[in-house]
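Report on the structure given below.
Just so we're on the same page: letters track the sequence lines, and every chain starts at 1.
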Amino acid sequence: MAVTAKPGRKIGGTVLRWVVLVVLGFYFVLPLVAMGEFSTRGINNTRSLDSWTGIFSDPDLVDAILTSVELAVLSSVLMLVLLVPTMAWIRLRLPKLGRLVEFLCLLPLTIPAIVLVVGMAPLYAWVNYFLGDSPLTLTFVYAVLVLPFAYRAIDAGLASIDLKTLAEAARSLGASWGTVLWRIVVPNIRTALIGASLLSVALVLGEFTIASLLNFETLQVQVNLIGKRNAGLSIAVSLACLVFAFVLLFLLSYVGQRRRVTVVED
Amino acid sequence: MGYLELKGLRKSFGGQPALDGLDLDLSEGELVSLLGPSGCGKTTALRIVAGFETADTGHVVVAGKDITAVPANRRDMGMVFQAYSLFPNMTAAQNIEFGLRLRKASGPERAKRVDELLELVGLGEFGARYPHQMSGGQQQRVALARALAIQPRVLLLDEPLSALDAKVRVSLRDEIRRIQTELGMTTLFVTHDQEEALAVSDRVGVMSQGKLEQLDSPAVVYREPASAFVAQFVGVTNAVLGKAASGAVRLGTFTLPTDAAAELADGSDVKVIVRPEDIGIVEHKGESNGSLLGSVLTQSFLGPVTRLVVRLDGDEQLVRVDQPSNLAAAYPPGTAVALDFNASRFLVVPA
Amino acid sequence: MVAPVTTSTGGGAAKAATPSRGGGRSGPSTLLAWLVVVPFLAYVGTFLVYPTILVLAGAFQDSDGGFTLSNLTDLMKGVYLQAFWRSIELSAITALLGAVFGALLSWAVATGNPQGLLRRVVVAAAGVLAQFGGVPLAFAFLATVGFQGFVTQFLRDSLGIDLFAGSAWIFDLPGLTLVYTFFQIPLMVIVFLPALDGLRPQWREATESLGGSAWTYWRHVGGPILFSPFLGAVLLLFANAFSAYATAAALVSQGSPIVPLQIRGFLTGEVLLGQENLGKALGLGMVVVVGVAMGIYALLQRRVSKWQ
């Protein structure tokens, strides 16, 4: 930033900065290294990739992974269907409801998942009675769980465009409200929607509390179960999960940036 | 010898030159503007004077003392930034008081000074307000008061008006000029707004690509631009394309009587730079008689003058011509006209 | 999962919107306008509000559904009260540790290039650990300092130090404290980095041109400005640790030192007769603690947003 005229101070700051980065970097990288080491242990101090290849040969785990991926997709879709029309409509026609919807969407932040699941248990007795006890019914809770994150992403997207004017322009050209939503709102907040979806996917893939206490075998639940008999395998999957989520978020940082660049060029 | 001297300042950022040998002298009590498009180096020059950047080569001298190596916090420069520079956690009065506190002024002395300064910038009632409770214009007044509180040797203004509404901008710039004159404060003012620079400065330095193109009084910079860049950056101007013809300039069938193109090869492309108010206009009837002919395309009313856009016959170039509004009615759109360039008021440059 | 509350852009924009839109008053069109919102409200009502009310109301009911305060009075004693204190202790300690080290890390990142690789990597990694860590974090912890962990083995084999000489501490509060810092520090980075980015370079330069040093700047300008965001972040981290379940659940399979694990006990059937609703009372207690922390956090946020 500003070039200071006091070299001594600047060097002091730089040294402290690197000390912080190196020490904390070590603190956070150490467990990752440990996971890598642990998950490649073989018999008698040899190295082996059995834990890693085991990921694909354990049928329960593969099932759980598939279930979690399906859940992630379904929850993202349900979240988008619920939120996008509602949030756009509220900005356009019912601004008075803005506060209420915001409150509802952010509510899961104050209700810990462990508390929510207490109230979910009786509700899921009904859900499973009507829809069977497929783990995919978790979609209903997960769509609620991702609300705060998705709400913020979409809200930021909607705030960055002049929704009212765009909608009025489209309406004056003869577009129906459906067309406005599909052809005007969605394309213009595309990056926000991608962001909201990626966050939801990551959140669902990492969710443990509710799935485990409602007795559904999702990825994280399986990882935890397997850990009791085969720590190496669980640690390998855990490392894979962390790395996968990291890649997802890392890419997300570029998605956000591309939008900023276009804004500047405007 | 000037009170503030910038000597041979050079600075580049990552290989890109921002300042390419800038020399500038300000006499005591003088207000000099640095004017130019963004990236011309004007802000870099100001920040070097303030001590926020260090020049690669060159010196900054104040009252005969070289301060190039003095850190920013011991330079006694009053700086007003573009916007949002007030400390948000302090009231207007506390902001103004801050520099005095650092100088260990006594409580009563500080209070007296703060009152004077709030009065000076016309915000007597606003001492207890926080920045977020004030308008942009009021914030900039407080920022000015804060910079003046430490009785700086030089006042540095870094586009202090550019974030404000047009109306506030005009009233505040006049206010700044009044205060600056009252206090006799040597001031360096950086702006990209030519109207602003012309209105408040003793002298204006027009910068381009890290260099001063021209440094002179506002009237001279406007009336006698030293280069095409200055002419086009300051005020409204036409650049009419033509060809050099034995020292003179041919515009279509018309020959502009001048020797300004004497050093240019015959037939080479040239631009005639001329201000709209320096072009005469008469209604033209009948045969072509070797004058510059065209027809009026549009009229726009600008208050005291009306601007006519004239399309030249032949190559269809558009030329802006200003006429006093009471005379302009004689040239409704479609009128065939002949244009007359006032010989002393144009510039011929290679295109 | 707890995460930062941004100030309500939705509410702000809502205020700006003019209420005089065409059809705003006419009956049928208003009714239709409301219909669009019904699916969302119905859904959130069913899957968020209803279960929440079930918990909160259940806290005041006995096993036959009659009103009682005995669940709540039970919370105030014995293992439950201890669990609350332990939860609060764990959350407070990890919130402070997370806030201090997270603030340092944020500062180290904020002083670098905003588009740089370092910042992207740190922010993405912080996002993973803060919000999606859960069970994998518990296993990362075991792989590092578990009985057969990387560090445990290294210390034992190379330096002759036994990490577990005292006790199986990693499955109790000290272990939880350590593993919680792995998501508390990253959460602090996510929450605090925007506050640091909000410090304008002009403030530092203005301080300098008025004669101040770096110390003056932090003492009078930077520090006071960051005080509210820092305090808010501590509260947020507290609420986050207090609500966290997955990591602790994966790590601690026996005993229930903290409230979330107590609730697990009620859900997995370790319930004494006549105490079915005690789990809901624990839930109510958690909601109250988290709600208070988040409420103060939201108030602080409002004050912060004025300054930027």
Side-chain angles (χ1 to χ4, degrees), chain A residues 1-2 9 17 20-21 24 30-31 34-35 37-38 82 85-86 89 91 93-95 97-99 102 104 106-107 109-116 118-120 122-123 140-141 144 148 152 155 159 164 202-203 206 208-209 213 220 223-224 227 231 234-235 238 241-242 245-246 249-250 253, chain C residues 1-3 5-6 8-11 13-14 17 21 33 36-37 40 43-44 47-48 50-52 54-55 101 104-105 108 111 120 123-125 127-128 131-132 134-136 139-144 149-151 201 204-205 214 243 245-246 250 260 263 267 279-280 283 286-287 290-291 294:
Chain A
M1 203 70 1
R9 187 180 77 212
R17 175 168 181 249
V20 168
L21 286 175
L24 286 176
L30 182 64
M35 289 170 98
E37 190 274 335
F38 199 111
L82 276 176
T86 306
W89 190 249
R91 275 182 177 255
R93 298 291 302 274
L94 298 169
L97 275 184
R99 290 263 170 209
E102 186 189 17
L104 287 174
L106 298 184
L107 194 59
L109 295 181
T110 21
I111 317 285
I114 179 73
V115 176
L116 196 60
V118 173
M120 277 298 169
L123 190 63
F140 296 119
V141 213
V144 165
R152 289 211 203 99
D155 190 57
K164 248 174 105 63
L203 198 76
F208 171 76
T209 309
L213 292 171
Q220 301 298 333
V223 170
N224 187 40
S234 278
I235 286 167
S238 294
C241 285
L242 290 177
F246 173 79
L249 290 197
F250 188 70
S253 80
Chain C
M1 199 78 48
V2 178
V5 177
T6 50
S8 58
T9 37
R21 284 264 324 162
V36 176
V37 194
F40 172 82
Y43 187 90
V44 173
F47 286 97
L48 178 61
Y50 173 70
T52 305
L54 220 55
V55 174
F101 289 106
L104 277 174
L105 185 55
T111 44
R120 281 181 200 285
V123 169
V128 174
Q131 290 167 354
F132 317 114
V135 175
F139 282 102
F141 189 64
L142 288 176
T144 315
F150 178 62
V151 172
R204 175 162 220 145
E205 291 174 358
S243 335
Y245 168 79
I263 295 182
L267 284 167
K280 292 175 183 156
M286 284 191 77
V287 170
V290 173
M294 293 296 281

Quiz prompt | Donor-acceptor contact below 3.5 Å, side chain C:Tyr43 vs main chain A:Phe140 | solution = yes
Self-check item: Straight-line distance of C:Met286 CE to A:Ile114 CD1, nearest 0.5 Å
Solution: 7.0 Å
Quiz item: Which heavy-atom pair separates C:Leu54 from A:Gly119 by the least distance, and what is that distance?
Solution: CD2-O, 3.4 Å
Exercise. Can you tell which part of A:Leu82 gets under 4.5 Å to a heavy atom of chain C, answering side chain, backbone, both or neither?
Key: both
Quiz item: What distance separates A:Met120 CE from C:Phe47 CZ, expressed to the nearest 0.5 Å?
Solution: 7.0 Å
Quiz item: When only pairs under 4.5 Å are counted, which of A:Cys241, A:Ser234, A:Pro85, A:Gly227 shares the most heavy-atom pairs with chain C?
Solution: A:Ser234
Practice problem: Run the numbers on C:Leu105 and A:Leu21 for side-chain contact (heavy atoms from CB on, under 4.5 Å), then give the verdict. | Solution: CA-CA 7 Å; C:Leu105 185 55; A:Leu21 286 175; 3.9 Å; yes
Exercise. Heavy-atom pairs under 4.5 Å with chain C are the metric here; pick the option from A:Val118, A:Val141, A:Leu107 that has the most.
Key: A:Val118
Quiz item: Hey, is CZ on C:Phe40 packed in by over 12 heavy atoms from elsewhere, all under 6.0 Å?
Solution: yes
Quiz item: Under a 4.5 Å heavy-atom cut-off, does chain C meet the side chain of A:Thr86, its backbone, both or neither?
Solution: side chain
Quiz item: Is chain C contacted by the side chain of A:Gln220, its backbone, both, or neither, given a heavy-atom distance below 4.5 Å?
Solution: both
Quiz prompt | Audit row: C:Leu142, A:Phe38, side-chain contact (heavy atoms from CB on, under 4.5 Å) steps and yes/no | solution = CA-CA 9 Å; C:Leu142 288 176; A:Phe38 199 111; over 6 Å; no
Quiz item: What part of A:Leu116 gets closer than 4.5 Å to chain C, counting heavy atoms only: side chain, backbone, both or neither?
Solution: both
Quiz prompt | Side chain / backbone / both / neither for A:Leu242 at chain C, heavy atoms under 4.5 Å | solution = both
